[in-house]
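Predicted, not measured: the structure shown is a model, and the values here were computed from it.
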Amino acid sequence: MQNTIQMVFQLASAVISIYAMLCFVRIIITWFPGLNYSMIGQTLSQLCDPYLTLFSRLPLRLGMIDFSPVISLGLLTVASSILGGIAQTGRLYIAGIIAQLITMLWSAATSLIGVLLLVCFVRYCFAIFSKKSNDYNSPWQIIDNSISNIVFSIGKILSGGRPLDYKKALLFTCVVLLFLLISGNILIHILTKAIMMIPV
């Protein structure tokens with residue numbers, strides 16, 4: 001009886017892993033309009049879009065970049081891992097599940113922070129080395145519109161509410177985001193290790 005239950009969990013874990021792989025392929029296909037309307041694209045759309053669209057409504061967009069696929073794939077990966085763990089050990093390990101969920105959420109957050117850091121750093125370098133002043137026809141205008149609220153908000157906090165020029169605000173934002181990534185990784189590592197020691 002126990003072997004049968006473990007086999008069911010193992011099978012469920014494998015099915016979710018395959019579905020996660022199909023969702024990943026579906027996400028990649030959406031980048032190519034030709035493939036998107038092919039028979040494979042349409043089939044994957046019918047299989048995966050009902051699940052993926054649940055997360056596309058969440059406020060996980062930074063400018064033109066949508067981070068909802070990270071969450072949707074992360075949850076499938078965690079679910080597969082949990083079921084695989086139950087299949088191997090024969091018991092539900094609550095502390096392990098909590099640790100995996102925290103790790104998955106932090107992974108999604110680091111993706112968002114990392115992209116924002118990269119964009120701010122590249123924009124700062126361009127602002128430093130470019131001799132042209134920023135104008136409305138600049139290709140950077142779309143990026144500036146996407147990140148300026150975040151950049152000036154962080155800049156105001158660090159400057160004590162004093163107004164900052166855009167270059168300084170970008171620099172402060174880069175420093176804060178880098179600090180968040182480093183300190184967050186350390187804290188999450190300590191937290192998940194402590195949770196995994198709980199015998200539940």
If I compare all heavy atoms of [X] with all of [Y], which pair ends up nearest, and what's the gap?
X: M39; Y: T43; value: O-OG1, 2.8 Å
X: C174; Y: L117; value: O-CD1, 3.4 Å
X: L73; Y: A20; value: CD2-O, 3.5 Å
X: S56; Y: T53; value: OG-O, 2.9 Å

Say you draw a straight line from [atom1] of [X] to [atom2] of [Y]; how long is it, rounded to the nearest 0.5 Å?
X: Q42; Y: L47; atom1: CD; atom2: CG; answer: 11.5 Å
X: I154; Y: L171; atom1: CD1; atom2: CG; answer: 12.0 Å
X: C23; Y: L52; atom1: SG; atom2: CG; answer: 4.5 Å
X: S80; Y: L75; atom1: OG; atom2: CG; answer: 12.5 Å
X: C48; Y: I27; atom1: SG; atom2: CD1; answer: 8.0 Å
X: H189; Y: L187; atom1: NE2; atom2: CG; answer: 11.5 Å

With sequence neighbours excluded, tell me which residues meet side-chain contact (heavy atoms from CB on, under 4.5 Å) with [X].
X: L83; result: F9, A12, S13, I16
X: L118; result: V122
X: I188; result: I102, W106, T192

Determine whether [X] and [Y] fall in the same hydrophobic cluster, where Ile, Leu, Val, Met, Phe, Trp and Tyr are linked whenever their side-chain heavy atoms lie under 4.5 Å apart.
X: F129; Y: V119; value: yes
X: I18; Y: V25; value: yes
X: L178; Y: F121; value: no
X: I157; Y: L181; value: no
X: M197; Y: I195; value: no

Is there a side-chain contact between [X] and [Y] in this structure, where contact means two heavy atoms from C-beta onward sitting under 4.5 Å apart?
X: M104; Y: T77; result: no
X: K167; Y: I128; result: yes
X: L170; Y: I147; result: yes
X: F55; Y: P69; result: no

Self-check item: Side-chain donor/acceptor of S45 to backbone N/O of G41, under 3.5 Å
Solution: no

Quiz item: Is the side chain of Y51 donor-acceptor paired with the backbone N or O of S72 at a distance under 3.5 Å, no angle test?
Solution: yes

Quiz item: So with a 6.0 Å cut-off around CZ of F24, is the heavy-atom count from everything else above 12?
Solution: no

Practice problem: Return the orientation label for the F152 and Y166 ring planes: parallel under 30°, perpendicular over 60°, tilted otherwise. | Solution: tilted

